[in-house]
Visitor: 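Dumping the structure here so I can ask a few things about it.
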Amino acid sequence: WSFPIIVNDLMYIYNALKENMPLKLRKVNEYSNYIKWLEKQDKKEALLYWEKYLEDYEQQAQVEQVAKLVKEDKYINSDMKFIIDKETTSKLEHIARNNKVTVNTVFQTLWGILLQRYNNVKDVVFGAVVSGRPAEIDGIENMVGLFINAVPVRIKSIVDKTFMELIKEVQHSSNSSKKYEYVSLAQIQSSTSLKQQLIDNMMIFENYPVMEHSNKLDFEIQIDEVVEQTNYNFNIIVAMTDQILVKLNYNASIYDDKYVNMIAGHIKHVIKEVVENPEIKISEIEMISEEEKRKILVDFNDTKTEYPMHKTIHELF
């Protein structure tokens, strides 16, 4: 979030100096004011909220690992990308708008449903990265500093709800949690029975200002490579414009390409299911098409490679 703010100011200053124009930088709120705000928050109340939010949650929701023997310190950073086309993106936006939820909430719910299937449970928790910028601080959107945080997201569908009912519940929980997003994940985890095992995977929905382009620049900035890595072996990164880019970032010493590609297929198909019928019941959502089911059953019976999810899918048939 801070990077475009800095670069936009840099571009403005460069052009102003080059053209001998006076500098008229916007007034910004200092980061120290955020620290003062943070110190005034009721951390006891916040921790009680998260404790209640995660009450009775006792089983980690995993993206099951493929490799049987992995060195704990070995992390091979890899990713796989795919695009949700403009038409489907527009339909997802329409679902979100009609139900007064965000597209982020729609994606969190979709991922929660898949995690429920993968773990054969109705109640899952995963991590979500948040901007950590409280709206009550004036000018927070233009403040430069460290705000980013990660918080738990719980998707619970004990009763067989429709997809529309579930996204509304998830949005309601998200709205309630927003007030307490400043609490560190380590503190939240410490009050749970699972401790550091609370979260297995992370979702990042990228939603921040973009850099402003100017035709007056006589140079260009070229970025050769950007490397991102979290503490988690599996991450979903979603970026949205007129279409949605999904990046599955993972530890390749644990997950192989075929396995991750299968997860990508599940995400695409679940999106297709809810786009075609937003009122579909959660229990009726299929992870894969009939054709893919037949192919996986053949692979399951023929291959000697045992993917944990294959067993789950085979049992579902």
Visitor: Please state whether the rings of Tyr31 and Phe147 are parallel, tilted or perpendicular, taking 30° and 60° as the class boundaries.
Guide: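 Because their plane-to-plane angle is over 60°, the rings of Tyr31 and Phe147 count as perpendicular.
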Visitor: Assess, by modelled atom type and distance only, whether the side chains of Ser176 and Ser173 contain a donor and an acceptor separated by less than 3.5 Å.
Guide: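 Per modelled atom types, Ser176 and Ser173 side chains form no pair under 3.5 Å.
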Visitor: For Thr89 and Ile84, indicate whether the former's side chain and the latter's backbone hold a donor-acceptor pair under 3.5 Å.
Guide: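 A pair under 3.5 Å: yes.
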Visitor: Mind telling me whether Tyr255 and Phe234 have parallel, tilted or perpendicular rings, with 30° and 60° as the class edges?
Guide: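 Rings of Phe234 and Tyr255: perpendicular, as their planes differ by over 60°.
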Visitor: Short question: side chain of Glu181, backbone of Ser177 - any donor-acceptor pair under 3.5 Å?
Guide: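 No; judged by distance alone, with no hydrogens or angles, the pair does not exist.
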Visitor: If we ignore angles and hydrogens, is there a donor and acceptor under 3.5 Å between the side chains of Asn249 and Asn77?
Guide: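 Yes - a donor-acceptor pair under 3.5 Å links their side chains.
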Visitor: Take the angle between the ring planes of Tyr180 and Tyr182 and call it parallel below 30°, perpendicular above 60°, tilted in between.
Guide: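 Correct class here is tilted.
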Visitor: Could you pull out the closest heavy-atom pair between Gln197 and Gln60, with the gap in Å?
Guide: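 What the structure gives for the nearest pair is O-NE2, 2.7 Å.
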Visitor: Tell me, yes or no, whether the heavy-atom count around Lys100 atom NZ, taken from other residues, nucleotides or ligands under 6.0 Å, exceeds 12.
Guide: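 No, NZ of Lys100 has 12 or fewer neighbouring heavy atoms, counting only those of other groups under 6.0 Å.
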Visitor: Is a side-chain donor or acceptor of Ser253 paired with a backbone partner of Tyr75 at a separation under 3.5 angstrom?
Guide: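 Side chain of Ser253 to backbone of Tyr75: no pair is present.
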Visitor: Check step by step if side chain to side chain donor-acceptor pair (under 3.5 Å) holds for Gln171 and Thr105.
Guide: CA-CA 6 Å; Gln171 185 67 57; Thr105 293; 2.6 Å; yes
Visitor: Between Phe82 and Lys268, is there a cation-pi geometry (under 6.0 Å to ring centre, at most 45° from the normal)?
Guide: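 Verdict for Phe82: a cation-pi partner in Lys268.
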Visitor: CZ/Phe126 to CD1/Ile236 distance, rounded to the nearest 0.5 angstrom?
Guide: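 Output value for this atom pair is 7.5 Å.
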Visitor: Identify whether the distance between the nearest side-chain nitrogen and carboxylate oxygen of Glu55 and Lys52 falls below 4.0 Å.
Guide: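 A salt bridge is present here (some side-chain N lies under 4.0 Å from a carboxylate O).
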